[in-house]
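What follows is a short report on a single structure.
Note on naming: letters A, B, ... go to the chains in the order of the sequence lines (proteins, then strands), and numbering restarts at 1 for each one.
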2 protein chains.
Amino acid sequence: MDNTEPEQPIARSRPITARELARRLGVSQSAISRAFTPGTSISPAMRQRILRGAEEFDYHPNAIASMLSTRRSNIAGIVVSEMQNPFYPTLIEKLSRELQREGLQSLMFNITRGSNIEEQLVALRKYNVDAVVVISATVLSGASLRWATEGRAAVLVNRTIPDLPLTSVSCDNVEGSRAIADHFHAIGRRNVAFVGGLPHTTTNLERQNAFISRVAELGMTLTHAVSGGEYSYEAGYRAAMEIGRSRNVDAVFFANDILAIGGFDAFRDGLGLRIPEDIAIAGFDDIAMSRWPRYSLTTFRQPVDAIIEKTIQLINEQLAPGRYLPTQHALSGDLLIRRSSVGDLASETIGPFRT
Amino acid sequence: MDNTEPEQPIARSRPITARELARRLGVSQSAISRAFTPGTSISPAMRQRILRGAEEFDYHPNAIASMLSTRRSNIAGIVVSEMQNPFYPTLIEKLSRELQREGLQSLMFNITRGSNIEEQLVALRKYNVDAVVVISATVLSGASLRWATEGRAAVLVNRTIPDLPLTSVSCDNVEGSRAIADHFHAIGRRNVAFVGGLPHTTTNLERQNAFISRVAELGMTLTHAVSGGEYSYEAGYRAAMEIGRSRNVDAVFFANDILAIGGFDAFRDGLGLRIPEDIAIAGFDDIAMSRWPRYSLTTFRQPVDAIIEKTIQLINEQLAPGRYLPTQHALSGDLLIRRSSVGDLASETIGPFRT
DNA sequence: TTGAAAGCGATACCAT
DNA sequence: ATGGTATCGCTTTCAA
């Protein structure tokens, strides 16, 4: 510690303030504020002068102070839980980019085992986020959610809460799961199974119910309906090892891709089954891995871009002055037929990286 | 619009403030502040009373206002770029959880193509983040980094900048890459290749140089040193297809796991090679996929927990009053020998999920 | 220990 | 179009 400094405090040179800039430029502090606020009444000359001055003195408006006066934080809280499912990092990255485009920075709240949920939600409110996007959170109860989102724009992505008036955007799980069932039927499979992921989640329940009821409608036999317990490769692997031993099943729908990929490896490497000859496989999401030639997984693609676009739009609506009504949106996706269900797909045998 | 309300403005019931709570409880506003600040001089009785009152009237301190007074935001900016590399979502999730434990919320800044980097950095400063963690960012120049981190705690993770006095924490890339080379040598391979990822990144350069020079020291032949151009499955696949055709190579070190996994599929499915008999493969990182039985990838494990712990510690040091000197830290990892290099590993043939 | 009052750095309303 | 000033909600001296 070389405390050779004189009386003068070290004064870790604070950034310059609007007041100070105003003083140096000989204008009012209000002028500074206007220069940085689009759509205010200020002469181009004045604005020019101030912006130039700001450049010179390295002035940047203090967002914190501005938040305090405007009561707008320009921050969106993203509540996240399943980061180990590859679908979500992708979604979150895109979402956060689009939010940025709308002038909202993303504050992340990880809700996972190991983190204190209560504390997280308190933080969410303390930071005064303008908007909350809850992404397929498992653990949050309806009551917590209501509390966390109260009084601010909020959108649930890929999850809904019964009896809670919250806006939500999802992939149409029913459409997708029925499409898978239809596809299994179309390729001549009659003994099908379902492998679930995280129990009690919207995605899981909807996919399971829609699939099973469509299977019944089509007159197919449901040989198994098991739960992996979580959305993971390992869970899919284990479930498949179980199902695959009883040789009476010829098609399996996994509630998402990462489960399906685990199942794929179990069937093929673990049990020596041929895919799709012995057993056809389908997943849900269309994560990058499902396009890998090794797997070439038939799946139902979530319309990620549309989901994000809709989310942004709904946030903007809620942020705008005036009333709004919570609405639920289920967006259409696409069935992607790949080799895990139809081995001889011509378009698939050409190159390794076709959709 | 049912504007049936009387004179009284609609007043979207703002949250209650400290002043108001103080009024209702008949205490001073300062007392409220003290009650919520650990280590302040306030009687237990008073604190009790206030906390109970806060409960009753649903008072929560406004973090924004507090930031303005303290000039502490309790926010850490996390600058991120390679979210498609599975290593990073995991790292980020853990990091953000640990930061939370230290009372720092994570504000994400995605620096990717498609995002306006300049704007991002400006935001980083405007939000007055207390700390910045830059995670293997590619695109940021030294000058930008200096500007973005100036005057606040900053740690670079898995990246260093020559000639820039910034604190950094990395996996020891040199140690790891040499260990891979040693391992190849130990299992009798003599014609080895290197496949790089993102050019000009610290991780890539260090791994490449260390590997190549160790290969030379050991008297092995370097048959190829190619760049995939990015860290991705596809890049690894393509590079492997190229290398694999010339049949004079018996071991390949990929600069990270996701590259290696792409390479694995290319060698095995694309070219029909046997792994490891025909060609041994190693990666770097130890992402979850490398443990999948399908791949069972030999790799060098990054000490994620240690990296995070060190990062947190360094941030705390910098946040504490007083001087600090930027330091560089390279943390030791572990070589994990799996079936992609040693096919008959006894410990590996038992169950599907061994390390 | 407690309360009063002066900031923190912007915004926004009001005159001019 | 510009400047003056109250205000946002909290922290932090300073007295009492």
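- For B/I64 and C/dA10, the CD1 to P distance is 15 Å, given to the nearest whole Å.
- As judged by a 4.0 angstrom heavy-atom cut-off over every strand, A/Y59 is placed among residues touching the sugar-phosphate backbone only.
- Atom-to-atom, CZ of B/R19 to C1' of C/dA4 comes out at 12 Å; the value is rounded to the nearest Å.
- To the nearest angstrom, C1' of C/dA12 lies 9 Å from CZ of A/R34.
- Looking at which nucleotide of DNA chain C each of B/I42 and A/I16 is closest to, the 5′-most match is held by B/I42.
- Backbone-only contact: A/S43 has heavy atoms under 4.0 Å from sugar-phosphate atoms and none from a base.
- Counting non-hydrogen atoms under 4.0 angstrom, B/T70 reaches the backbone sugars and phosphates but no base.
- A/S41 comes within contact range of at least one nucleobase, with a heavy-atom separation under 4.0 Å.
- Atom OH of A/Y88 and atom OG of A/S81 lie 7.5 Å apart (nearest 0.5 Å).
- At a cut-off of 3.5 angstrom, the base of C/dA10 holds no donor-acceptor pair with the side chain of A/S66.
- The separation between B/I32 atom CD1 and C/dA5 atom P is 17 Å, rounded to whole Å.
- Nucleic acid contact class of B/M67 (heavy atoms, under 4.0 Å, all strands): none.
- Note that the first and last nucleotides of DNA chain D, 5' to 3', having any atom under 4.0 angstrom from a heavy atom of chain B are D/dG9 to D/dT13.
- Between the side chains of A/S30 and A/S33, no donor-acceptor pair is found at a separation under 3.5 Å.
- Of the candidate nucleotides C/dA10, C/dC8, C/dG3, C/dG3 has the atom lying nearest to any side-chain atom of B/S28.
- Taking 4.5 Å as the limit, some side-chain heavy atom of B/R125 sits within range of a side-chain heavy atom of B/E150.
- Both B/S30 and B/L68 lie near DNA chain D, and the one whose nearest nucleotide falls closer to the 5' end is B/L68.
- The base of C/dA4 lies outside donor-acceptor range of the side chain of B/Q29, with no N or O pair under 3.5 Å.
- For B/F109 and B/Y127, the gap between ring centers reaches or exceeds 6.0 Å.
- Listed nucleotides: C/dT11, C/dA4, C/dG9. Nearest to the side chain of B/R71: C/dG9.
- With respect to B/R152 and B/D130, no salt bridge is recorded, no charged nitrogen being found less than 4.0 Å from a carboxylate O.
- Partners of A/R23 under the side-chain hydrogen bond (donor to acceptor under 3.5 Å, both in side chains) rule, at least two apart in sequence or in another chain, are A/E20.
- Using a 4.5 Å heavy-atom threshold, the side chains of A/F57 and A/L25 count as touching.
- When each of B/V27 and A/S69 is assigned the nucleotide of DNA chain C with its nearest heavy atom, B/V27 is the one assigned upstream, toward the 5' end.
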